[in-house]
Amino acid sequence: MTITLETTYSPADIEQRIFDAWMKADAFKSLRDDRNNADKYSIVIPPPNVTGSLHMGHALNNTVQDILCRFERMRGKDVLWQVGTDHAGIATQMVVERKLAAEGKPTRQEMGKEKFLEAVWDWKEESGGTIIGQLKRLGASCDWERERFTMDEGLSAAVRKVFVELYNEGLIYKDKRLVNWDPKLLTAISDLEVVQIEKKGSFKWERCSDEEFDAAALEKVLKKDPHGHMYYFDYPIMTLDDNETIVGYIQVATTRPETMLGDTGVAVHPENEKLKHLIGKMVCLPLVNRLIPIVGDEYADPEKGTGAVKITPAHDFNDFEVGKRHKDNKVLNINIMNKYGKIINESDYDFNYYSVISHILGQDVKIPKPFQGLDRYAARLEVIKQIHALGLLAKIEPITHTVPYGDRSNVAIEPFLTDQWYVNAGELAIEALAAVKDGRTNFVPKNWEKTYFEWLENIQPWCISRQLWWGHSIPARYGLRRDDDKTSISQYKLFVAETDDEIKHQVYKYYEGKFDKEHIDFVDEFTFGGNTTDERGTVLIVGKDPDVLDTWFSSALWPFSTLGWPENTEHLQKFYQTDVLVTGFDIIFFWVARMMMMGLHFIKDKDGKGIAPFHTVYIHALVRDAKGQKMSKSKGNVIDPLELIDQYGADALRFTLAAMAAQGRDIKLDVSRVEGYRNFATKLWNATRFAQMNGCAPVAGFNPATVQHPLNQWIVGEVERASIAVTQGITDYKFNEAANALYKFIWNVVCDWHVELVKPILSDEAHAARAETQATLAWVLDHAYALLHPFMPFLTEELWGLTATRAQLLTLSDWPQLANLQNKSVDGEIDWLISIITQIRTLKADLRIEPKLKIDLVLIGARNTTQLRIASHEEALKRIGRINTISYADALPQGAAQFVQGEATIAVPLAGVIDFAAEKIRLSKDIEKLTQDIIRIEGKLNNTDFRARAPAEVIEEQEENLAMNSEKRAKLALALKALG
RNA sequence: GGGCGCGUAGCUCAGCGGUAGAGCACUGCGUCGACAUCGCAGUGGUCACAGGUUCGAUCCCUGUCGCGCCCACCA
């Protein structure tokens, strides 16, 4: 047989070639002809952002999915691993805007919506989805032909259908309330996209202790970071008679002084003994000179702050609720900021809105000139200065508090009163909760269910509209109300439907045929502005909703939209419900919970019961750097998986991640582990090389149950043991256990022992067991390739192809399912052999006997079985143990080192070679250790409670241990004595 | 404030009611034609601490200390 293998394995040379072979064979296609009748197995990939590139989290996530898919494919299933990318609204829009800026091109606003979207699509075609190629480098066995994108026409149709149906069911609605507004990206964002950032101030001032208020110093501090301070203002309380005299002050505290311009009340707790007498009095809001009421509300905690809270309903979530409760007291919303986070000026005024409020309050609500148009932080400083000038600034305290920031824009978000679209998530959560509570869907590890429950049980309406351009348009249109339909407070008539045709039909019906369908025009902006005239005659203008949907809205549909829903496709029928969702805990809320809601709501079984999108959710760890820090570009601690693949191969990286993927703990990735597993790949490579050099080749019809030689009987049992452990590990999602079982089996069992022990047989061409051993080793390695394949697909496929002419690629071959190959008596025999060799080696090392020196063994007290074993394994013993002769004696020879193996004492006569003092020390050490053990075990056995209550097999085991150790100690004692 | 998790060898981590494990690092020694990306032998641990349950606790329970994360709040 010719040797075809190099001495080392170089992944770079083979990975691409192997991947091409898989693709050429359509190995990863779903609905393969040869699997028509097979059970299905399906996973949908967490779609990476189209802007993304492969990071460690992806590498782990997709390694896990690939292990599962390859495993199930080898178990014969019809596997669909559905792949695709997410359009990632904000992220993509930002990337393209940055690119345009870098190229000196016009801005998004200058280009206009249509041109800009063209530019985004161009970008997507050109450089979007590089991550897809990177997933292939990792070896991901997705059904690549079925790649989907969340903005594909089919998926967009699914989005529109879901939106319209939920709207018609009342589960999607438009509402005016406070949202998290991002003043940089100029869009609303959901609660989940807000991150809390801790801020710490440093400026301190108190009216009574400091002479002079140092405005310049404060300005300097606030310029660096506008957050981190608590300001105390004294609000004057007025009489309401004609004199309007100040009768006292009420002190309020705030971290956001600029919002005081929009205060419409002050709240104190109705049972606050110190302050409740003020309820009903009026405060003259400083700077603005507007009268606002002091109201009683339980929100005002007497223990916190000053006990009195300024209420700005239009700029604070809690205040908004207080305002609603005190509408009758005229605690109204007065919006003081525009979408840029600047104090509104004359041109921003919504005249209608402010005049209505002014009218209700009977007071002017205009913002004083000096503040108009100021940025929120400039306004903050200005308010403080002017309050101080009025003598109403009591003190400034540095505090530590958290400030809400937009996770994408990294600016403080602003609670902002706007019209937005919401999903009634509370309603959809009911089924999503039930499905997990009743076990239709299970989390692995289970403790994540608690996190899932807590979030869903307290879920808020989900704000789904975004003021962006890149994304799914909201299929809503706005028209002027009919004269006879002014019942609603809203000024426009809302039309919602999946297609423009349907909307035109709705419009046509609404105006009772007054406008032809051809006489209805859509304009691309939010307007409900009447009609116009052209050559067609009178034309009705209907405004399009300019907003797009939250990216996660389409992601929520991913498990069925990718399968073709709402069409009833073959894929939808066969592969929904998917089997497992593999993801990190950081997107349980963003994605998992929402997929559950949507899947259960839209996909029903025959009885109308919702079908969850997956029966299992496997939550894996987060990959951190070797120090446990979250990897991030700004910290510069990112380990690039592609670099590791270049350096060590995809298999080594995959195996590392699998081996470290123990449940319930983060992965601190240490590159030395990757190196270690690269070495593991080389080890298997070289074992294969050895087999090839020794004429081992798969034999057709080989039956492992009928091998004769004990070494072969033993190793086929070990293969069975490994196959059980690996199968169990994968099915239990304990990938580290599966990986470790493989590592130990291949390295510590096959390579360290079987290959070594079998060398005398293989190197002797006349040996009776040679053919059987060759066939066995080939069989063992074939099984090693198969069992390792889900973890190291490239290496194993390559070796599979190099070692024989195969009918199939390994990736399409059968998963080993073995039984009845283990044999206890053979296991005992080989354990004995391994033990005796190890003892010889230890003895030689301890006594510093030259490794090259061949020694003799003399066995004393060996029973028949031992003599038979010696005879049976003499060749292996002599070769590996470097032994010259083996003989038997009745008494210990003089001048020998000794050890005990089972019932026999084994002497190594070494007079003149070894240092007997050293041997004495060695023996004494062994005896000492045995004595410790014996004392411990005796203590246990002498304990009557132990004897009374411990299980019989435990007692028996301890007794056996005691007997064994005692016997061994006695023999060693004799040996020591023999040394004199 | 609510929740989740973690403290095991120098480092990174498994494990587990019955004699404490791996990789890396470290110390010796390298001999047999698979492999120096290797082999053999070894050093190294009061399993954070304190109680409790148990015949027996690194493992289960309670508490303490230290660390991390998530959610909520923050006048």
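Quick note on labels: first sequence line is chain A, next is B, and so on, each numbered from 1.
If you measure from atom CG of L847(A) to atom C1' of U31(B), you get 17 Å, rounded to the nearest angstrom. Remark: P of A22(B) and CZ of F680(A) are 16 Å apart, rounded to the nearest angstrom.
Applying the 4.0 Å criterion to OP1 and OP2 of A75(B), one finds that T255(A) has a side-chain N or O inside that range. The phosphate of A34(B) (OP1 or OP2) has no side-chain N or O of R689(A) nearer than 4.0 angstrom. Regarding contacts with the backbone of G42(B), a side-chain N or O of T842(A) is found under 4.0 angstrom from either OP1 or OP2.
For D752(A), counting side-chain heavy atoms from C-beta on, the closest listed nucleotide (C73(B), C32(B), C40(B)) is C40(B).
Residues N942(A) and E938(A) have side chains that never bring a donor and an acceptor to within less than 3.5 angstrom of each other.
Using the six-membered ring where Trp is involved, F680(A) and Y677(A) have ring planes that are perpendicular, over 60° apart on the 30 and 60° scheme.
For R969(A), the side-chain hydrogen bond (donor to acceptor under 3.5 Å, both in side chains) partners are T931(A), not counting sequence neighbours.
Residue-level contact check: N943(A) touches the backbone only, with heavy atoms under 4.0 Å from sugar-phosphate atoms and none from bases. No engagement by V252(A) is indicated, since no non-hydrogen atom pair under 4.0 Å with the nucleic acid exists. Residue K844(A) is out of contact with every strand shown, counting any heavy-atom pair closer than 4.0 Å. Note on T682(A): a base of the nucleic acid sits closer than 4.0 angstrom, heavy atoms only. Using a 4.0 Å heavy-atom distance criterion, T451(A) is classed as making no nucleic acid contact. Within the 4.0 angstrom heavy-atom criterion, base atoms lie near A687(A).
Mapping D301(A) and V194(A) onto RNA chain B by nearest heavy atom places V194(A) at the nucleotide closer to the 5' end. For the pair I399(A) and D191(A), both in contact range of RNA chain B, the more 5′-proximal nearest nucleotide belongs to D191(A).
For C74(B), the base has a donor-acceptor partner in the side chain of Q196(A) [N/O atoms by modelled type, under 3.5 angstrom]. Counting atom types as modelled, T402(A) pairs a side-chain N or O with a base atom of C73(B) as donor and acceptor under 3.5 Å. A donor-acceptor contact under 3.5 Å is formed by the side chain of E756(A) with the base of A34(B). The base of C35(B) sits within donor-acceptor range of the side chain of K683(A), with an N or O pair under 3.5 Å.
Counted within 6.0 Å of CZ on R848(A), heavy atoms from surrounding residues, nucleotides or ligands total 12 or fewer; the atom is thus considered open.
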